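The structure displayed is predicted, hence computed values, not measured ones. In listed order, ligands and their atoms are each counted from 1.
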Amino acid sequence: ATSRKANNIIQPDFKFEDLGIGGLDTEFSNIFRRAFASRIFPPDLVDKLGIQHVKGILLYGPPGTGKTLMARQIGKMLNSVDPLIVSGPEILNKFVGQSEENVRKLFEPAEKEYRERGDESQLHIIILDELDAICKQRGSRSDSTGVGDSVVNQLLAKMDGVDQLNNILIIGMTNRKELIDDALLRPGRLEVQIEVGLPDESGRLQIIKIHTAKIRENKIIAGDVDLVELASLTKNYSGAEIAGLVKSASSFAFNRHIKVDSVAELTQDISDMKILREDFMNALEEVKPAFGIASEEFE
Ligand code: ATP
């Protein structure tokens, strides 16, 4: 196995701050330490340590917290070929037998590359969104077709089959970790499990900065908008909801400048348009967090 070249996969010019992800530094460095660090060791050290590279990660947590964003960026950070992204409901197919085939196909490019060229240096990432969808039915009496069962089994077989394959990384995602089949979470499978929760205040400030970067750069934001204040007012907002908040504030500002009685008016000069604090206050009324109240005590 000494001839294997499964290292040098991290982009040399990679920087955390370039990822456009706010408030998930700890999560990212945990993923890095637990799942990728071994991949940048020299191959002979990997052999000496007897390390098996991590093949699977599970990202779990509420909707809109940046799991998909993170999975895609991991693909960019590692020298991966374009990740294959598929969701649980997409895998499940109304034609019997097709679902297993869909799973099998996901692994094909990486397996082929290794079979034909013995090359493991190019990482293949498989992103499985809404992974719970294929697990839910496993063993459940209400599922007469047993489709979920066989799909999970096929996935397990494929993951175990890649035991010696170092060029595959699977990233599973779910809002409901408790629905994920235990068998999928064992060592050698989706063994690194990272919770991606709602951002805290400093995380929210980072996310607000990311989503207002453009309007700040173009000086479309008024001087009375205080990003620190917004971070404190957005308790329980997810990253996606913060993005929605900024959009909503822009729409209030835009609304002051246009008259809807004529489409031609839309082309009028809006170069003096500014998004004010007041627009953000209106937006806070319009865009509310889905997961409120219950998590209040955690901050
Ligand atoms: P779901 O569970 O619903 O699939 P998710 O956790 O995968 O949600 P994303 O699809 O990654 O959430 O987030 C949706 C959008 O929200 C992103 O494209 C981004 O614009 C914004 N967003 C979410 N979280 C963050 C974050 N931590 N930093 C910056 N932007 C974020």
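A salt bridge does not link Lys67 with Asp129: none of the charged nitrogens is closer than 4.0 Å to a carboxylate oxygen. Looking at Glu195 and Lys177, no side-chain N of the basic residue comes within less than 4.0 Å of a carboxylate O on the acidic one, giving no salt bridge. Residues Lys112 and Glu108 are not paired through a salt bridge, judged by the lack of any N-O separation under 4.0 Å between the basic side chain and the carboxylate. We find that Lys274 and Asp279 are not joined by a salt bridge, their nearest charged nitrogen and carboxylate oxygen being 4.0 Å or further apart. A salt bridge links Glu111 to Lys158: one of the charged nitrogens lies within less than 4.0 Å of a carboxylate oxygen.
Under the 4.0 angstrom criterion for non-hydrogen atoms, Glu241 is not in contact with ligand 1.
Nearest protein heavy-atom neighbour of atom 25 (C) of ligand 1: Gly239 CA, 3.8 Å. Protein heavy atom in closest approach to atom 2 (O) of ligand 1: Asn175 ND2, 2.9 Å. The nearest protein atom to atom 11 (O) of ligand 1, hydrogens excluded, is given as Leu69 N, 3.0 Å; this is a heavy-atom distance. Considering only non-hydrogen protein atoms, atom 20 (O) of ligand 1 sits nearest to His211 CE1, 3.2 Å. Considering only non-hydrogen protein atoms, atom 28 (N) of ligand 1 sits nearest to Gly22 N, 2.9 Å. Given atom 7 (O) of ligand 1, the protein heavy atom at minimum distance is Thr68 OG1, 2.5 Å.
At a threshold of 4.5 Å between side-chain heavy atoms, the hydrophobic network of Ile, Leu, Val, Met, Phe, Trp and Tyr places Ile51 and Leu45 in one connected group. Transitive grouping of hydrophobic side chains (ILVMFWY, heavy atoms separated by less than 4.5 Å) keeps Ile210 and Ile275 in distinct clusters.
For Ile207, every heavy-atom contact with ligand 1 shorter than 4.0 Å involves the side chain, none the backbone. Counting heavy atoms closer than 4.0 Å to ligand 1, residue Met173 contributes nothing at all.
Residue Leu24 has no N or O atom closer than 3.5 Å to an N or O atom of ligand 1. Polar contact check, Asp129 against ligand 1: no nitrogen or oxygen pair lies under 3.5 Å apart.
For the pair Arg189 (side chain) and Ala183 (backbone), a donor-acceptor distance under 3.5 Å is present.
Distances from atom 1 (P) of ligand 1 to the heavy atoms of Ala240, Gly23, Gly64, Gly61 put Gly64 nearest.
Of all atoms in ligand 1, listed by their number and element, those nearer than 4.0 Å to a heavy atom of Thr65 are 5 (P), 6 (O), 12 (O), 23 (C), 24 (N), 27 (N).
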